[in-house]
Novice: 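Handing you a structure now.
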Protein chains: 2
Amino acid sequence: MGDLSGDRLVEVLATLASPHRLRVLAALTGGRAYVSQLARDLGISRALLQVHLKKLERAGLVTAHLELSGDGKALKYYEVTPFSLHLTPDVVAAAAATLSTAGDGDAPPKGTS
Amino acid sequence: MGDLSGDRLVEVLATLASPHRLRVLAALTGGRAYVSQLARDLGISRALLQVHLKKLERAGLVTAHLELSGDGKALKYYEVTPFSLHLTPDVVAAAAATLSTAGDGDAPPKGTS
DNA sequence: GGCTCATGCCAACTATTATTGGCATGAGCC
DNA sequence: GGCTCATGCCAATAATAGTTGGCATGAGCC
């Protein structure tokens, strides 16, 4: 995960740039947990937590999997995906070169499609 | 710049999480430039560029200084501030622990005020 | 003086994101 | 059956961030 495409970098950074998500990540770093549990733990609503978890998941920073508790309840456990991102001006410059976002008139040919 | 406070981390990440700013940073990594020049270079309006430059500057990712051109014009040159940020779950967790953002009921005592 | 180029800034609008509350479902437990 | 607990999702409303256009200033150049 040394360097990713500009678009992906933006996604990951945008995902990490949030106090709530940072806390969620921190909580999960201390051990996995299921949604309701985590919500109580962090003192936020489940609806809110779920949105943030989804964003974290989409960015690939956490993963989820269902698990049945002893009494048959379906619990959705989340855990952190190990990652290592080294940001430096050069890395950023390299990533920027692969940005696909419109805005400056040059839309790089996308090899993946 | 190994690890910064949660608040600062969020600020830096939020600042980097933008295609425009990534491009600005990339452009500056290739060499310093003054505002109007850079705007033409990137194909965006000065007003827009200035907003982004300000944000980058506030986050400490770039620095600016006035300089007089040969014909007396005051040009504001910007250049990238070298930085190195290594992001990992642990770093994030540590940063999250220092977050001051309200939201979960605990507002850490702020020494500065 | 009138033209160009550079900076700075604001007011207004649009687009995105964040957050809340409520509602529906499925499954044990009393 | 009625209660609790867990998930999932949506519609509506804040709250922010992004963008545009225009206007004002100061300084060379013709």
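Just so we're on the same page: letters track the sequence lines, and every chain starts at 1. Since the structure is predicted, the reported quantities are computational estimates derived from the model, not experimental observations. The figures here come from the full heavy-atom set of this structure, side chains too, leaving out hydrogens, waters and symmetry mates.
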Novice: Could you work out, with side-chain contact (heavy atoms from CB on, under 4.5 Å) as the rule, every residue matching Ala96(A), not counting sequence neighbours?
Specialist: Leu99(A), Leu22(B), Ala26(B)
Novice: Under 3.5 Å between N/O atoms: give me all the protein pairs with nucleotides 26-30 of chain C, atom names plus distance.
Specialist:
unit_1, atom_1, unit_2, atom_2, d
dG28(C), O5', Asp71(A), O, 3.4

Novice: I need a per-nucleotide contact map over nucleotides 11-20 of chain D, read 5' to 3'. Cutoff is protein heavy atoms under 4.0 Å; write B for the base, S for backbone only, - otherwise.
Specialist: ------SSBB
Novice: Paired stems touching DNA chain C, three or more consecutive Watson-Crick or G-U pairs with both distances under 3.5 Å?
Specialist: C:1-30 with D:1-30
Novice: By side-chain contact (heavy atoms from CB on, under 4.5 Å), which residues pair with Ala74(B), not counting sequence neighbours?
Specialist: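 Partners of Ala74(B) by the side-chain contact (heavy atoms from CB on, under 4.5 Å) criterion, ordered by chain and then number, come out as Leu68(B).
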Novice: Report the residues that fulfil salt bridge (charged side-chain N to carboxylate O under 4.0 Å, His left out) with Lys73(B), sequence neighbours left out, ordered by chain and then residue number.
Specialist: Asp71(B)
Novice: Under 3.5 Å, which donor-acceptor pairs link side chains of residues 27-51 of chain B to any protein atom two or more places apart or in another chain?
Specialist:
unit_1, atom_1, unit_2, atom_2, d
Thr29(B), OG1, Leu25(B), O, 2.7
Arg32(B), NH1, Glu67(B), OE1, 3.0
Arg32(B), NH2, Glu67(B), OE2, 3.0
Ser45(B), OG, Leu48(B), N, 3.1

Novice: What residue pairs, at least two apart or across chains, pass ring-ring contact (aromatic ring centres under 6.0 Å, His included) with a residue in residues 44-66 of chain A?
Specialist: His20(A)-His52(A)
Novice: Nearest nucleotide by nearest heavy atom, which residue falls closer to the 5' end of DNA chain D, Lys54(A) or Leu75(A)?
Specialist: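 Mapping each residue to its closest nucleotide by heavy atoms, the 5'-most match is Leu75(A).
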Novice: Got a list of side-chain donor-acceptor pairs under 3.5 Å for residues 7-14 of chain B, not counting sequence neighbours?
Specialist:
unit_1, atom_1, unit_2, atom_2, d
Asp7(B), OD1, Ser100(B), N, 3.3
Asp7(B), OD1, Ser100(B), OG, 3.3
Asp7(B), OD2, Ser100(B), OG, 2.7

Novice: Over all heavy atoms of both residues, which pair between Ala64(A) and Tyr78(A) is shortest? Give the atoms and the distance, please.
Specialist: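 Between these two residues, the closest heavy atoms are CB-CE2, 3.4 Å.
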Novice: Would you indicate whether the side-chain heavy atoms of Thr63(B) and Glu79(B) approach each other to under 4.5 Å?
Specialist: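 Yes. Closest side-chain heavy atoms under 4.5 Å.
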Novice: Would you mind listing every salt bridge (charged side-chain N to carboxylate O under 4.0 Å, His left out) that reaches into residues 84-99 of chain A, with sequence neighbours excluded?
Specialist: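 Residue pairs with at least one partner in residues 84-99 of chain A: there are none.
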Novice: Sort and list the pairs that fulfil salt bridge (charged side-chain N to carboxylate O under 4.0 Å, His left out) and have at least one residue in residues 50-66 of chain B, not counting sequence neighbours.
Specialist: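 Checked against salt bridge (charged side-chain N to carboxylate O under 4.0 Å, His left out) - neighbours excluded - no pair reaches residues 50-66 of chain B.
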Novice: So which of residues 29-38 of chain A are in contact with DNA chain C, with a heavy-atom cut-off of under 4.0 Å?
Specialist: none
